[in-house]
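What follows is one structure encoded as structure tokens, with my remarks underneath.
The first residue of the sequence shown is numbered 1, and numbering continues consecutively from there. Side chains included, hydrogens not; waters and symmetry mates left out as well; all remaining heavy atoms used.
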Amino acid sequence: MVRLLLLGGPGSGKGTQAKRLVDLLSVIQVSTGDMLREAKAAGTPLGMQAAEHMNAGTLVPDEIVNGIVQQRLARPDCGNGFILDGYPRTLGQAQALEEAGVTLDGVILVDVPDDLLVERLTGRQTCSACGQMYHRTYQPPAQEGRCDRCGGELVTRSDDNEATVRERLRVYRDQTEPLIGWYVAKGLLKRVDGQGAPDEVLKRILTQLGRG
Ligand code: ADP
Ligand code: ZN
């Protein structure tokens, strides 16, 4: 049973790593970004509200996100453990999680310098069917515009344009970076170099978890 949080800037690769860890550790990925994008695609009232914030690169209000995550964590499939990806993202969210009685075994900070984050985000492509991620330069699909895994269409996320990316980085520095100190103080933070190929980063994470 493992309950992890992956922390890192937009484009740090935490989503990619979360997906790999899910397969290796047989746990559930809880990605607020994915859940909010699903709500947005489904056109639910919550999704419409979230979309405004996401397109601007700002955060969806804590009350909304806290509610979604607590409902998700209460489902039985989370009983074997989970990987939180993109939540908590503010001190208010971290507090809410603690007040909900959720304890974490570790927090992995996927550390990537800012200039590399921008480069990664602006070349990123995602499969519209299965969520697999690609990069025009670093990790191109075998056939342009098609997912290697499922053949689905590759799309650029609407918030991966340069203006929104810059705003997301600013928001990360202002609102999410303070979580690093919060989890250091709790003795939970493990820092991992997020540069290099996804496989290398995964190895570093597994080493930090004592599963290398
Ligand atoms: P990235 O980490 O690459 O920015 P995510 O998929 O995690 O991508 O998040 C995309 C957007 O979804 C964020 O910019 C924000 O608007 C919204 N979002 C995701 N998670 C949260 C959260 N925990 N709190 C508030 N907003 C969130
Ligand atoms: Zn796919």
**Prompt:** From L188 CG over to R3 CZ, what is the distance, rounded to the nearest 0.5 angstrom?
**Reply:** 10.5 Å
**Prompt:** Run the side chain to side chain contact (heavy atoms under 4.5 Å, CB included) check on R146 and E153 step by step: do they pass?
**Reply:** CA-CA 5 Å; R146 289 280 149 211; E153 187 194 350; 4.0 Å; yes
**Prompt:** Under a 4.5 Å cut-off applied to non-hydrogen side-chain atoms, are Q93 and V65 in contact?
**Reply:** yes
**Message:** Please find the pair of heavy atoms, one from A96 and one from Q70, that lie closest to each other, and give the distance.
**Reply:** O-NE2, 3.7 Å
**Asked** Taking it one step at a time, do T90 and D62 satisfy side chain to side chain contact (heavy atoms under 4.5 Å, CB included)?
**Response** CA-CA 8 Å; T90 65; D62 283 359; 3.2 Å; yes
**Side-chain donor/acceptor of H135 to backbone N/O of E119, under 3.5 Å** = yes
**Prompt:** Are L206 and V192 linked, directly or through other ILVMFWY residues, by side chains that come within less than 4.5 angstrom of each other?
**Reply:** yes
**Request:** For D105 and L4, indicate whether the former's side chain and the latter's backbone hold a donor-acceptor pair under 3.5 Å.
**Result:** no
**Asked** If we only count heavy atoms from C-beta on, is the P10 to R124 side-chain gap below 4.5 Å?
**Response** no
**Prompt:** Do the side chains of T126 and L154 get nearer than 4.5 Å, heavy atoms only?
**Reply:** no
**Request:** Please report the C-alpha distance between D174 and R170 in whole Å, then the side-chain angles of each, then the deciding distance to 0.1 Å, and finally whether the salt bridge (Lys or Arg N to Asp or Glu O under 4.0 Å) criterion is met.
**Result:** CA-CA 6 Å; D174 274 15; R170 193 189 64 74; 3.1 Å; yes
**Message:** Using every non-hydrogen atom in the two residues, find where L117 and S12 come nearest and quote the distance to one decimal.
**Reply:** CD2-N, 3.6 Å
**Item:** Trace of the side chain to side chain contact (heavy atoms under 4.5 Å, CB included) decision for E177 with I180
**Value:** CA-CA 6 Å; E177 268 185 358; I180 297 174; 4.1 Å; yes
**Request:** Starting at CG of L202, measure out to OG1 of T16 and round the result to the nearest 0.5 Å.
**Result:** 10.5 Å
**Request:** Report yes if the side chains of R168 and L121 come closer than 4.5 Å at any heavy-atom pair, otherwise no.
**Result:** yes
**From I28 atom CD1 to L73 atom CG, the distance as rounded to the nearest 0.5 Å** = 10.5 Å
**Flag if over 12 foreign heavy atoms under 6.0 Å of CD, Q195** = yes
**Asked** Heavy-atom distance under 4.5 Å between the side chains of Q132 and D148, does that happen here?
**Response** no
**Message:** Would you say Y87 ends up clustered with I83 if hydrophobic residues are merged whenever their side chains have heavy atoms under 4.5 Å apart, either directly or through other cluster members?
**Reply:** no
**Request:** Write down the atom of P88, the atom of L7, and the distance for their closest heavy-atom approach.
**Result:** O-CD1, 4.1 Å
**Request:** Give a yes or no answer on whether the side chain of Y172 reaches the backbone of E167 with a donor-acceptor pair at less than 3.5 Å.
**Result:** no
**Message:** Would you say that L36 contacts M54 through its side chain, given a criterion of any heavy-atom pair below 4.5 Å between the two side chains?
**Reply:** yes
**Request:** State plainly whether the residues D199 and R20 are in salt-bridge range, i.e. N to O under 4.0 Å.
**Result:** yes
**Message:** Do L97 and I68 land in one hydrophobic cluster if side-chain heavy atoms of ILVMFWY residues count as linked below 4.5 Å?
**Reply:** yes
**Request:** Check Y134 against R149 and note the closest heavy-atom contact, atom names and distance.
**Result:** OH-N, 3.8 Å
**Asked** What is the minimum heavy-atom distance between L59 and H53, and which atoms define it?
**Response** O-ND1, 3.3 Å
**Prompt:** Can you tell me if T122 uses its side chain to pair, donor with acceptor, with the backbone of E162 under 3.5 Å?
**Reply:** no
**Request:** Calculate, to the nearest 0.5 Å, the distance between atoms CG and CG belonging to L6 and L84 respectively.
**Result:** 8.5 Å
**Request:** State plainly whether the residues K186 and E98 are in salt-bridge range, i.e. N to O under 4.0 Å.
**Result:** yes
**Salt bridge present between R166 and D114 (N-O < 4.0 angstrom)** = no
**Prompt:** In Å, rounded to the nearest 0.5 Å, how long is the span from CE of M133 to SG of C147?
**Reply:** 11.0 Å
**Request:** Give a yes or no on whether a salt bridge exists between K203 and E200, defined as a side-chain N under 4.0 angstrom from a carboxylate O.
**Result:** no
**Request:** Go through the steps to decide whether E99 and N66 satisfy the test side chain to side chain contact (heavy atoms under 4.5 Å, CB included), and finish with yes or no.
**Result:** CA-CA 11 Å; E99 277 158 23; N66 289 338; over 6 Å; no
**Message:** Which heavy atom of V2 sits nearest to which heavy atom of R211, and what is that distance?
**Reply:** CB-NH2, 4.2 Å
**Asked** Hey, are the side chains of Q29 and D34 touching, using non-hydrogen atoms and a 4.5 Å cut-off?
**Response** yes
**Prompt:** Should R120 and D160 count as an ion pair when the cut-off is N to O under 4.0 Å?
**Reply:** no
**Asked** Between atom CD1 of I108 and atom CG of D85, what is the distance when rounded to the nearest 0.5 Å?
**Response** 13.0 Å
**Prompt:** Ion pair present between D111 and K190, side-chain N to carboxylate O less than 4.0 angstrom?
**Reply:** no
**Message:** Check for me, please, whether L116 and V165 land in the same ILVMFWY cluster - side-chain distances under 4.5 Å, paths through other members count.
**Reply:** yes
**Message:** Using only atom types and a distance under 3.5 Å, with no angle test, would you say the side chain of R89 pairs donor to acceptor with the backbone of T176?
**Reply:** no
**Request:** Please answer whether the main-chain N or O of D77 pairs with a side-chain N or O of N80 as donor and acceptor at a distance below 3.5 Å.
**Result:** no
**Message:** Under 4.5 Å between side-chain heavy atoms, counting indirect links through other Ile/Leu/Val/Met/Phe/Trp/Tyr residues: same cluster for L5 and W182 or not?
**Reply:** yes
**Prompt:** Does Q208 reach the main-chain N or O of R191 with its side chain, forming a donor-acceptor pair under 3.5 Å?
**Reply:** yes
